[in-house]
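All values below come from the heavy atoms of this structure, side chains included, with hydrogens, waters and symmetry mates left out. All chains are named by letter (A, B, ...) in the order of the sequence lines, taking the proteins before the strands, and each is independently numbered beginning at 1.
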Amino acid sequence: MASLVWIRKDLRLHDHPALHYGIQAGEILPVYIHEENHHKWSIGSAQSWFLHYALQSFQKRIEDIGGKLLIKIGDPAKILPKLLKDYSINTILWNRSYEPTNIVMDNSLAEKLHNEGVTVKTFEGTLLLPITKIKKKDGNAFKVFTPFYKAHQKMDIPKPLATIKQMNSPVMMIEDSLAVNDLGLLPAIKWTDGLEKRWSPSELAAIRHFNAFERNRLKHYKNGRDFPSKVYHAEMSPYLALGLISVRSMYHYIVKNAEAAGEPFLRQLVWRDFAYSLMFHFPNTIEKPMNKKFENFKWNEDQEAFIKWRKGLTGYPIVDAGMRELWETGYMHNRVRMIAASFLTKHLLIRWQNGAEWFWDTLVDAGLANNSMGWQWVAGSGADASPYFRIFNPTLQSKKFDPNGDYIRKWVPELRTLSDDAIHAPHEQSSSMLEQAGIILNENYPAPIVEHKAARERALARYNEIK
DNA sequence: CACACCTTTCC
DNA sequence: GAAAGGTGT
């Protein structure tokens, strides 16, 4: 008995429930479909690059164990039923997606196929737990993390499934499959050198990266992860985003090997489940504020400032360093994401949706649930958000989390000649010191586009209008 | 009067 | 999380 396995953001052979189930029954036709009808949140440019190489390595991995990946472009709702007929397959399996547009598509596809007599089975392959089932006693969804976390902890997280070691695929008509290169995932003009230098998009690289984190850096995670010049953070998000590694495998590996030291990291994995839970139960919060008060918030329409933020030319070195790291490598350290996002929404009063769209396009690890929740958290409009009056002072944050200025020197090299202390705020330095360092404000590094104190007061006043 | 340290306010 | 407004030395 053969099964068709619809592959999506689960490009791996370990702990892959749909593949694992199918392999018990016999032959597998694994199918990846690149959807042509792009909508705003389908895939960003940086992640598209990542996906290209992740797909190539996944394809090779399947071939190495005897199988074959079928690649298509188009509408899954049309392609999948046709493939089932063409290959005389009567079972289709996939790991569930929680993106609202996919839920609609998947449900109608499942119903249609079921009515045609096809066996349809779906699995949890993305999260620690199927979050649709985690609810408050009154039946409503959690809006606050801590009670969600407690409910989550009471449940048993399934053990990872064995890695697929062998696969037989039906004999494939060669013209049926496209090559990864045909999908047009790489940019027309090559801007991806920085991404190539930093990332290896493959399942084996993801596992290697994770093992090295657990072995060498996890013990520093709790106290060190907030320092962007260090690598005490896990940096697993790009792999998780496309399912190159299983979150359940990570969870159980850490429980087994690290015991109590692993708790802060495991907690972050539960935050990821929480983000998916929010997206599932409150899908309109992808674009709209969770807190209704913010519907009336008066944001600024300041295209010029938005461009400067994106380019890393705000005049606040820590913000600029983060934005340039993002542009160069498709990634930004989480602490710096918070600082840069706070700066956009509070200092510049630019709507968080604009920031979310930029991150979506530029991050290799972009995920709809995390992205929306993170931005709403910073903006203060989220359910369990940081209060609006919590406005980061970028200079203080910089001194605290990049005390030697190493991160700034790496990404804003024009400031490298400033001292460890002065580098956080060039505009506060004496002209003689700037001269000595060879820095001319607004010539080789911008003066701040907004002054911190005034911007803070303006933001609080703006919030007063809706409170 | 500078400063370290603590508490309250921002809501 | 940061700033302001205390207190004491």
With [X], which residues qualify under side chain to side chain contact (heavy atoms under 4.5 Å, CB included), at least two apart?
{"X": "A:Arg409", "answer": "A:Asp406, A:Arg416, A:Asp420, A:Ile423"}
{"X": "A:Ser200", "answer": "A:Ala205"}
{"X": "A:Asn296", "answer": "A:Ile466"}
{"X": "A:Asp226", "answer": "A:Arg335, A:Phe401"}

Could you check if a side-chain atom of A:His152 sits within less than 4.5 angstrom of a side-chain atom of A:Leu128, using non-hydrogen atoms only?
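They are in side-chain contact.
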Please identify the 5'-most and 3'-most nucleotides of DNA chain C with any atom under 4.0 angstrom from a heavy atom of chain A.
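Both ends considered, the range comes out as C:dG1 to C:dA4.
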Indicate the ring-plane relationship of A:Trp309 and A:Phe359, choosing parallel, tilted or perpendicular according to the 30° and 60° boundaries.
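Parallel: the ring planes of A:Trp309 and A:Phe359 meet at under 30°.
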Residues [X] and [Y] bridged, charged N to O under 4.0 Å:
{"X": "A:Glu414", "Y": "A:Arg324", "result": "yes"}
{"X": "A:Asp273", "Y": "A:Lys133", "result": "no"}
{"X": "A:Lys9", "Y": "A:Glu99", "result": "yes"}
{"X": "A:Glu301", "Y": "A:Arg351", "result": "yes"}

Ring pair (Phe, Tyr, Trp, His ring centres under 6.0 Å) evaluation trace for A:Phe306 with A:Trp358
CA-CA 10 Å; A:Phe306 188 42; A:Trp358 182 249; 7.1 Å; no
At the 4.0 Å heavy-atom cut-off to chain A, mark where contacts on DNA chain B begin and end, going 5' to 3'.
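Listed 5' to 3', the contact boundaries are B:dC10 to B:dC11.
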Pairing residues for A:Tyr445 by the ring pair (Phe, Tyr, Trp, His ring centres under 6.0 Å) criterion, not counting sequence neighbours:
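Counting only residues at least two positions away or on another chain, A:Tyr445 forms no ring pair (Phe, Tyr, Trp, His ring centres under 6.0 Å).
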Return the residues of residues 288-300 of chain A meeting this criterion: a heavy atom under 4.0 Å from some atom of DNA chain B. Order them by number, or give none.
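Per residue number, the list is empty: none.
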Below 4.0 angstrom, which residues in residues 454-467 of chain A have at least one non-hydrogen atom near DNA chain B?
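A:Tyr463, A:Asn464, A:Lys467 - these, ordered by number, are the residues of the stretch whose heavy atoms sit under 4.0 Å from the strand.
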Mind listing the side-chain donor-acceptor pairs of residues 280-288 of chain A below 3.5 Å, one per line with the distance, residues two or more places apart or on another chain?
| residue | atom | partner | partner atom | Å |
| --- | --- | --- | --- | --- |
| A:Thr285 | OG1 | A:Phe282 | O | 2.6 |
| A:Glu287 | OE1 | A:Lys40 | NZ | 3.2 |
| A:Glu287 | OE2 | A:Trp41 | NE1 | 2.7 |

Cut-off 3.5 Å, no hydrogens considered: what does the side-chain donor-acceptor table look like for residues 436-444 of chain A, sequence neighbours left out?
| residue | atom | partner | partner atom | Å |
| --- | --- | --- | --- | --- |
| A:Asn442 | OD1 | A:Ala447 | N | 3.0 |
| A:Asn444 | OD1 | A:Ile440 | N | 2.8 |
| A:Asn444 | ND2 | A:Gly438 | O | 2.9 |

Between A:His14 and A:Glu203: side-chain donor-acceptor atoms closer than 3.5 Å
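Indeed, the side chains of A:His14 and A:Glu203 share at least one donor-acceptor pair under 3.5 Å.
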Neighbours of DNA chain C within residues 380-395 of chain A, by heavy-atom distance under 4.0 Å:
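Here the set is A:Phe389, A:Arg390, A:Ile391, A:Phe392, A:Asn393.
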